[in-house]
Amino acid sequence: MKIGILLGSTRVGRQSHKVALHLEKELKERGVAADLIDLADDPLPILEGHAARSAQVEARVQALSARLRAADGLVFVTPEYHGSFSGVLKNALDYFWEEFNRKPIGVAAVSAGKLGGINASTQLQHVVLSLGAFALPTKLLVSEVHSAFDEALQVKSEPIAKSTARFLDEYLWFAGAIVQAKQVAAERAA
Ligand SMILES: Cc1cc2nc3c(=O)[nH]c(=O)nc-3n(C[C@H](O)[C@H](O)[C@H](O)COP(=O)(O)O)c2cc1C
């Protein structure tokens, strides 16, 4: 099983990448292949029609599409901005549909405040359904992210370490069940 981690925070001085890196490390420690897809690496412009895309943008879209397609499931990592998930993430999601269709998707939301991105996470789970994907009911809420990691980007908050482990337990059970069901259906159809 291969899990993509889609990081929807791109601003200079961001904190959410710490959560994405922690998820990547934890997945790898569990023997699960993980691909951290950082939207800051090859930014996508505000979505326009296909005809308006330059060759450079088209190449970025295709490269991102290939990485999303290669993932059996995804975890979306979003900061909470003004009571919702990031515009950067929504813009990226709007480029694709098939890439997410019928895939298990977990949501991790990150905030500076005490509520751990609860609004962002709930709204993003709703969007997951509109992508034709399956939203994991359990979400990972990382509150007060500024004090949750040390300078080496290792998690130092025990509650966050524990909730991340519980989130991944749930996510991997859910994703494993969906991947297995797809394999059985494909074998029956063959
Ligand atoms: C434009 C903007 C809006 C924000 N709105 C909220 C908010 O509504 N609630 C909250 O708890 N934190 C809010 N924050 C703080 C972020 O949650 C905080 O920056 C956190 O570190 C996660 O975002 P980051 O990955 O950009 O660092 C906001 C930050 C920005 C830049």
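Whatever order the structure lists ligands and atoms in, that order sets their numbers, starting from 1.
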Quick note, side-chain hydrogen bond (donor to acceptor under 3.5 Å, both in side chains) partners involving residues 132-145, not counting sequence neighbours, are K114-E144, T122-K139, Q125-K139
Using a 4.5 Å side-chain heavy-atom cut-off and chaining through intermediate ILVMFWY residues, the residues clustered with I46 come out as none
By chain and number, the residues contacting ligand 1 below 4.0 angstrom (heavy atoms only) are S9, R11, R14, Q15, S16, P79, E80, Y81, H82, G83, V110, S111, A112, G113, V145, H146
_Please confirm whether the ring centroid of F134 lies under 6.0 Å from the ring centroid of F100._
no
**Prompt:** Any sub-3.5 Å donor-acceptor pair from E80's side-chain atoms to N119's backbone N or O?
**Reply:** yes
Residue pairs meeting side-chain hydrogen bond (donor to acceptor under 3.5 Å, both in side chains), one or both in residues 168-188, sequence neighbours left out, come to R30-D169
Worksheet item: Taking C-beta and beyond as the side chain, do V107 and L140 meet within less than 4.5 Å on heavy atoms?
Response: no
